[in-house]
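A short write-up of the structure that comes next.
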There are 2 protein chains.
Amino acid sequence: MRLSTRGRYGVKAMFDLALNYSGEPVPLKSIAERQGLSEAYLEQLMAGLRKAGLVKSVRGAQGGYVLSTSPDKITVGEIIRSLEGSMAPVDCVIENEETDCEKAEYCVTRLVWERIRDSINQVVDSITLQDMIDDYKRLHQRNAEKDG
Amino acid sequence: MRLSTRGRYGVKAMFDLALNYSGEPVPLKSIAERQGLSEAYLEQLMAGLRKAGLVKSVRGAQGGYVLSTSPDKITVGEIIRSLEGSMAPVDCVIENEETDCEKAEYCVTRLVWERIRDSINQVVDSITLQDMIDDYKRLHQRNAEKDG
DNA sequence: AACAAAACCGAGTAATTTACTTGGTTTTAA
DNA sequence: TTAAAACCAAGTAAATTACTCGGTTTTGTT
């Protein structure tokens with residue numbers, strides 16, 4: 001049940017874009033450096049995020065990526081789903097998809113998978129990039145006080 | 001974020017054992033047949049469940065497997081974790097394991113992964129095999145009324 | 001005692017997925 | 001004109017998954 005690097009790096013990259021949300025496009029190279037990720041690989045992920053409408057890209061020199069809306073309107077759920085697909089723990093409970101399993105109506109395990117899926121969705125859809133920024137500020141303030 | 005067949009089949013097999021919980025050992029062959037699973041593969045899974053103390057095995061003719069306690073004392077969480085390991089979405093938030101990431105204290109994404117992990121655990125630990133039996137009975141009664 | 005049913009065990013393997021890299025092209029501000 | 005950047009398609013090594021195979025051991029039944 002691990003997330004792949006697509007989802008993990010995607011959230012990191014989007015969080016980075018959120019921290020640098022100013023209207024100016026942020027080049028991949030700087031995201032990759034700050035987050036310690038491969039630029040070429042990130043490129044693929046950004047393609048997915050762009051297709052999902054979560055970021056806009058600006059081509060050419062001084063170009064880069066910008067969040068398509070403010071950080072409080074983008075959720076972790078949208079990011080992960082756009083890069084990894086449904087968070088369903090098994091294929092037969094992927095949202096808006098017909099299952100080919102004719103026993104579905106009688107299937108008890110299916111009920112379990114649905115509950116897992118729903119609870120994951122509920123959590124990830126409730127966390128926005130703005131929430132992460134707020135957490136970030138709290139964490140750093142607290143640790144600065146403690147350490148300093 | 002899919003469960004592997006280990007977790008899926010494991011839950012099915014344990015549910016089958018719960019439905020057939022009578023004191024008599026249930027041979028793998030019959031579980032495999034009823035659930036449509038490979039017997040040889042199930043064998044591997046039962047080894048994991050046995051090591052976790054969730055089932056007892058009886059060797060020799062007329063042998064098989066029995067739940068180690070009553071269905072209301074065994075949760076889906078215990079089953080899945082014994083076959084797949086932690087439900088943590090990323091390695092750095094596996095329970096009772098030190099992370100080698102020195103940035104952990106300052107890490108915001110980590111907070112997200114912890115919340116996902118916790119919510120998954122909460123759901124799977126709240127569902128017992130007895131709950132599944134109850135659901136099963138309800139489902140079949142309802143469908144029998146509707147169809148018949 | 002012999003047989004057969006069953007659990008137990010270790011190793012092997014084909015297919016798939018993952019996590020990238022490579023080598024370009026196109027666009028555009030300076 | 002140049003260089004920085006996004007865009008794109010394809011390739012690939014390593015890991016994981018979902019099994020199978022070929023046994024050995026145990027034990028109730030006949």
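Here the structure is a predicted model, which means the values were calculated and not measured. Per chain, numbering begins at 1; letters A, B, ... match sequence-line order.
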message: If I take atom CE in residue A/Met46 and atom C1' in nucleotide D/dC8, what distance separates them, rounded to the nearest angstrom?
response: 16 Å
message: Could you measure the distance from the CG atom of A/Asp134 to the OG1 atom of A/Thr128? Nearest 0.5 Å is fine.
response: 7.5 Å
- request: State whether A/Ser38 places a side-chain N or O below 4.0 Å from either non-bridging phosphate oxygen (OP1 or OP2) of C/dT21.
  value: yes
field: d(CG, A/Leu37; P, C/dC20) in whole Å
entry: 9 Å
task: Determine: side-chain N/O of B/Ser4 to OP1/OP2 of D/dA18, distance under 4.0 Å, yes or no.
output: yes
- request: Take atom CZ of A/Arg6 and atom C1' of C/dT21, then tell me their distance rounded to the nearest Å.
  value: 15 Å
- prompt: Is the phosphate of C/dA6, meaning OP1 or OP2, less than 4.0 Å from a side-chain N or O of B/Ser57?
  reply: no
task: Please round to the nearest 0.5 Å and tell me the distance separating atom CD1 of B/Ile74 and atom CE of B/Met14.
output: 4.5 Å
- prompt: A/Tyr65 has a side chain; which of D/dG28, C/dA29, D/dA6 sits nearest to it?
  reply: D/dA6
statement: Of the candidates C/dT21, D/dC8, C/dA29, the side chain of A/Glu43 sits closest to D/dC8
message: Rounded to whole Å, how long is the line connecting atom CG of A/Leu45 with atom P of D/dC7?
response: 13 Å
- prompt: Which residue lies toward the 5' end of DNA chain C, A/Val58 or A/Leu3, if each is placed at its nearest nucleotide?
  reply: A/Leu3
query: Distance check: side-chain N/O of B/Tyr9 vs OP1/OP2 of D/dC19, anything under 4.0 Å?
result: yes
- line: Rounded to whole Å, NZ of B/Lys56 lies from P of D/dT27 at a distance of 15 Å
query: Quick one: on DNA chain C, does A/Ala40 or A/Gln62 contact a more 5' nucleotide (nearest heavy atom)?
result: A/Ala40
- prompt: Nearest to the side chain of A/Arg59 - D/dA10, C/dT26, C/dT22?
  reply: C/dT26
- request: Measure from the side chain of A/Glu39, starting at C-beta and using heavy atoms only, and say which of C/dT28, D/dA6, D/dT20 lies closest.
  value: D/dA6
task: Give the rounded distance in Å between these two atoms: CG of A/Asp91 and C1' of D/dT17.
output: 14 Å
A/Asp118 side chain to A/Gln122 side chain, donor-acceptor N/O pair below 3.5 angstrom: no
Atom-to-atom span, CG of B/Leu42 to P of C/dA6 - whole angstrom: 14 Å
query: Any chance the side chains of B/Gln130 and B/Ser70 put a donor and an acceptor closer than 3.5 Å?
result: no
task: Rounded to the nearest angstrom, tell me the gap between atom CD in B/Glu24 and atom P in C/dA6.
output: 13 Å
task: Please determine if a side-chain N or O atom of A/Thr5 lies less than 4.0 Å away from the OP1 or OP2 oxygen of C/dA19.
output: yes
message: Applying a 4.0 Å non-hydrogen cut-off, can you work out what A/Arg50 is touching in the nucleic acid: base, sugar-phosphate, or nothing?
response: sugar-phosphate
message: Salt bridge check, A/Asp91 against B/Arg8: does any charged N sit closer than 4.0 Å to a carboxylate O?
response: no
message: Regarding D/dC8, can its base be found pairing with the side chain of A/Gln44 as donor and acceptor, where the two atoms are less than 3.5 Å apart?
response: no
message: Counting only side-chain nitrogens and oxygens, does A/Tyr41 get under 4.0 Å of the OP1 or OP2 atom of C/dT18?
response: no
task: Following the transitive rule for hydrophobic clusters with a side-chain heavy-atom cut-off under 4.5 Å over Ile, Leu, Val, Met, Phe, Trp and Tyr, establish whether A/Ile79 and A/Ile94 coincide in one cluster.
output: no
